[in-house]
There are 2 protein chains.
Amino acid sequence: MRHLKTLQCIADVATSGSIRQSAARLAITPSALTRKIQDFESELGTPIFERMPQGMRLNAAGELVLRHIRAQLADFERLRSQLADLSGVRRGHVTIAASQAFAHGLIPHEIAAYRAQHPLVSFSVLVRDHIHAVSAVAGFEADVALVIAPPPAPEFQPLLILHQPLCALMSKDHPLASARTIRLRECLQYPIAMPGPTLAIRHLLQAALVRLGLPVHTVVESDSFEILRSYASGENIISFQIRAGVPEASGNLVAREIDQRDLPPTQLVLGQLRGRSLSVAASKFVDQISSSLHSRYGDGTTG
Amino acid sequence: MRHLKTLQCIADVATSGSIRQSAARLAITPSALTRKIQDFESELGTPIFERMPQGMRLNAAGELVLRHIRAQLADFERLRSQLADLSGVRRGHVTIAASQAFAHGLIPHEIAAYRAQHPLVSFSVLVRDHIHAVSAVAGFEADVALVIAPPPAPEFQPLLILHQPLCALMSKDHPLASARTIRLRECLQYPIAMPGPTLAIRHLLQAALVRLGLPVHTVVESDSFEILRSYASGENIISFQIRAGVPEASGNLVAREIDQRDLPPTQLVLGQLRGRSLSVAASKFVDQISSSLHSRYGDGTTG
DNA sequence: TCTGGTGTTGCCCCAATTGCAACACGGCGA
DNA sequence: TCGCCGTGTTGCAATTGGGGCAACACCAGA
């Protein structure tokens with residue numbers, strides 16, 4: 001879009017921190033980009049970048065401007081989506097920031113279901129921990145976020161809250177696999193594939209372990225659920241995952257809920273930036289994922 | 001601002017309904033304006049205007065676009081205000097839609113007090129009845145609205161609600177001027193200068209008169225409080241006004257509250273568009289007017 | 001049918017934007 | 001200390017995009 005091009009350039013330079021780099025990506029010359037920024041700054045009456053020998057960095061005014069630009073671009077996307085909906089076709093782009101727990105089963109499944117009905121809607125999935133997922137939403141980088149135990153933030157508006165038990169992941173031949181729910185103590189009699197410290201459930205586990213004073217035999221620690229799953233399915237190792245993060249068809253992997261006396265249910269929250277109105281495409285995707293989660297796991301409360 | 005110029009042109013054409021007229025106002029030729037709009041439409045992929053022999057009219061998509069444009073322009077104003085605040089000076093423009101009741105005393109007084117501290121902030125005052133004041137806020141034409149008994153609208157977010165008695169306006173020599181509060185019945189023994197049907201208090205009065213079954217001797221009816229006031233101060237005629245709309249220093253005019261058994265207190269509401277964030281200038285003006293009204297008339301509740 | 005209103009189009013021109021190349025400056029390693 | 005490579009910036013020339021002028025097509029009302 002013509003009238004947004006300058007804004008996009010500025011946003012790009014702000015994130016890359018380099019004019020030459022952005023110029024290459026935007027397929028223009030550095031000189032043109034420099035002048036675009038200079039013109040914008042002079043129109044605004046204030047510099048928005050600090051010129052460092054290493055490149056460009058936003059100053060305080062620039063942070064404000066960047067936020068404004070992101071909002072403008074997102075709002076324009078919303079307009080396009082609304083216009084497309086007017087003519088009967090749903091069109092648009094949805095960016096969702098999700099905890100890694102959902103990157104394997106839930107998110108691709110929901111996106112596939114949505115795109116089956118609305119093939120002109122495209123998606124971006126940002127895998128972020130709960131902190132960064134919330135700030136992605138706050139910074140207009142993502143439309144919505146699906147996270148575990150989000151940090152309390154006034155600008156993050158929950159659209160759906162589920163309370164989910166943590167599950168132990170294990171091979172279906174595992175001695176514990178016959179039980180319906182198991183105690184944390186039982187798990188710890190086996191080697192553990194421990195979620196890394198960037199994963200939200202790590203902290204929940206940690207807190208419970210400290211509280212119960214139980215020793216842990218960690219054989220592997222990883223930030224990747226992919227890794228954890230493969231360990232859990234291969235040996236008699238146990239790993240952990242939130243209920244909704246357990247893939248439906250998971251080979252010889254089974255999930256058993258941890259007794260809630262050991263680990264209280266965890267909040268699973270789907271949310272957006274407070275006060276922001278989503279595009280039609282995004283808003284309908286929220287509806288779908290909400291009703292899907294709600295019907296599958298119940299206990300949903302909208303707020 | 002360069003990148004907003006096309007948007008402003010479109011907004012102008014949308015309101016004027018005529019390319020030639022807008023072209024004259026914007027100091028460009030009609031041909032240039034036509035092409036601007038055509039380019040925008042082709043970029044968007046949809047026409048946003050219907051070309052009629054009488055001029056241009058927005059279609060459904062255009063209504064969406066206009067709303068988007070107004071939002072963008074308002075948001076940019078907010079950015080400028082924030083940037084100015086960064087450098088210590090408050091700067092910006094505030095548009096307030098107010099009932100005519102406040103056009104004489106309250107609004108100019110508050111604006112003067114504000115501008116005494118922040119002379120770089122400018123104001124627009126739109127005098128509108130309660131319906132149109134609310135829709136001005138909803139359509140991004142005004143930042144805030146100060147109205148009597150606003151119609152219920154989900155997108156209108158009250159920032160301050162006062163409950164105000166209606167007052168009878170009369171000369172200070174008037175027989176009723178000695179009383180503290182008076183009954184509606186007493187007023188009607190005198191000739192009445194009746195607010196016109198576009199004024200909100202007319203409907204309140206009307207309802208009470210019908211309920212009490214009282215006959216009215218209307219000598220003049222006017223949509224202008226200016227007119228009503230001059231009648232009330234000149235002869236022994238009585239007119240009406242909401243408490244906060246009574247000018248402080250009003251010559252030989254006095255205001256006496258109507259007994260609340262006859263006329264229940266009226267809502268006086270200061271509000272904005274729900275979910276919209278105001279510019280620094282506007283937000284601080286809201287603070288000032290809120291605390292001013294609150295301390296003068298009490299009974300304020302924020303919601 | 002004529003007149004006055006509308007928006008639109010072809011052509012021309014000017015000005016704003018871009019690209020290329022050279023520049024100035026700062027960090028870093030030899 | 002010097003040279004190199006990185007950064008952003010500037011002069012000048014080429015190009016593009018936007019604007020003005022005049023003529024056009026269309027429609028409503030007299």
Side-chain angles (χ1 to χ4, degrees), chain A residues 1-66 69 72-73 76, chain B residues 1-66 69 72-73 76:
Chain A
M1 216 46 202
R2 173 162 306 309
H3 73 280
L4 294 174
K5 223 162 55 180
T6 303
L7 301 187
Q8 284 172 321
C9 289
I10 291 174
D12 198 298
V13 171
T15 53
S16 77
S18 155
I19 287 207
R20 291 182 126 96
Q21 195 174 320
S22 284
R25 191 171 351 174
L26 299 165
I28 55 175
T29 54
S31 65
L33 191 46
T34 284
R35 275 189 265 254
K36 260 186 202 294
I37 293 175
Q38 285 172 338
D39 290 352
F40 186 83
E41 285 179 328
S42 80
E43 275 189 297
L44 213 56
T46 326
I48 60 173
F49 283 103
E50 288 174 15
R51 273 73 170 175
M52 328 278 285
Q54 301 85 357
M56 312 280 277
R57 194 163 61 193
L58 288 174
N59 63 15
E63 296 287 348
L64 252 45
V65 171
L66 177 61
I69 289 176
Q72 298 267 52
L73 295 176
F76 186 73
Chain B
M1 212 51 198
R2 166 146 245 74
H3 72 281
L4 295 175
K5 225 160 56 180
T6 303
L7 302 186
Q8 284 172 323
C9 290
I10 292 174
D12 197 298
V13 171
T15 54
S16 78
S18 154
I19 287 209
R20 290 182 126 95
Q21 196 174 319
S22 284
R25 192 171 351 175
L26 298 166
I28 55 175
T29 54
S31 64
L33 232 190
T34 285
R35 274 189 268 253
K36 262 187 199 297
I37 293 176
Q38 284 172 337
D39 289 353
F40 186 83
E41 285 178 327
S42 79
E43 275 188 296
L44 213 55
T46 325
I48 59 173
F49 282 103
E50 288 175 15
R51 273 75 170 173
M52 327 276 287
Q54 300 85 359
M56 312 279 278
R57 195 164 61 193
L58 289 174
N59 62 17
E63 296 288 348
L64 253 44
V65 171
L66 177 62
I69 288 176
Q72 299 267 53
L73 295 176
F76 185 73

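Numbers restart at 1 for each chain; the letters A, B, ... are given by sequence-line order, proteins then strands.
Taking atom CZ of residue R51(B) and atom C1' of nucleotide dC26(D), one finds them 14 Å apart after rounding to whole Å. Rounded to whole Å, the distance from CZ on F49(A) to P on dT7(D) is 15 Å. When the P atom of dT16(D) is taken as reference, atom CD1 of I28(A) falls 16 Å away, rounded to whole Å. Computed from coordinates, the L33(A) CG to dT18(C) P distance equals 9 Å when rounded to whole Å. Separating the CZ atom of F40(B) from the P atom of dG7(C) is a distance of 18 Å, rounded to the nearest angstrom. Distance R35(A) CZ to dT16(D) P: 17 Å, rounded to the nearest Å. Note: CG (L58(A)) to P (dG8(D)) measures 13 Å, nearest angstrom. Protein atom CG of D39(B) is 13 Å distant from nucleotide atom C1' of dT9(C), rounded to whole Å.
Note: F40(A) and H3(B) have tilted aromatic rings, judged against thresholds of 30 and 60 degrees for the angle between ring planes.
With F49(A) as the fixed residue, the side-chain contact (heavy atoms from CB on, under 4.5 Å) test singles out one of N59(A), V65(A), L58(A): L58(A).
Side-chain atoms of S31(B) and base atoms of dC21(D) include a donor and an acceptor less than 3.5 Å apart. No donor-acceptor contact under 3.5 Å links the side chain of R20(B) to the base of dG5(C).
Using a cutoff of 4.0 Å between basic side-chain nitrogens and carboxylate oxygens, E43(B) and K36(B) are not scored as salt-bridged.
Contact check, Q38(B) against dG7(C): no side-chain N or O comes under 4.0 Å of OP1 or OP2. Regarding contacts with the backbone of dG17(D), every side-chain N or O of K36(B) stays at 4.0 angstrom or more from both OP1 and OP2. One finds a side-chain N or O of T34(A) lying less than 4.0 angstrom from the OP1 or OP2 phosphate oxygen of dT9(D). Residue K5(B) has no polar side-chain atom (N or O) positioned under 4.0 Å from OP1 or OP2 of dG18(D).
Two residues, Q54(A) and G17(B), neighbour DNA chain C, and the one matched to the more 5' nucleotide by heavy-atom proximity is G17(B).
The residue M52(A) sits apart from the nucleic acid: no heavy atom pair falls under 4.0 Å. R2(A) comes within contact range of the sugar-phosphate backbone alone, with a heavy-atom separation under 4.0 Å but no base atom that close.
Heavy atoms of other residues, nucleotides or ligands lying less than 6.0 angstrom from CZ of R57(A) number 12 at most.
The closest donor-acceptor contact from the side chain of S22(B) to the backbone of I19(B) lies at 3.5 Å or more, if one exists at all.
Distances were taken from every side-chain heavy atom of I19(B) (C-beta onward) to each of dG7(C), dG19(D), dT9(D); the shortest belongs to dG7(C).
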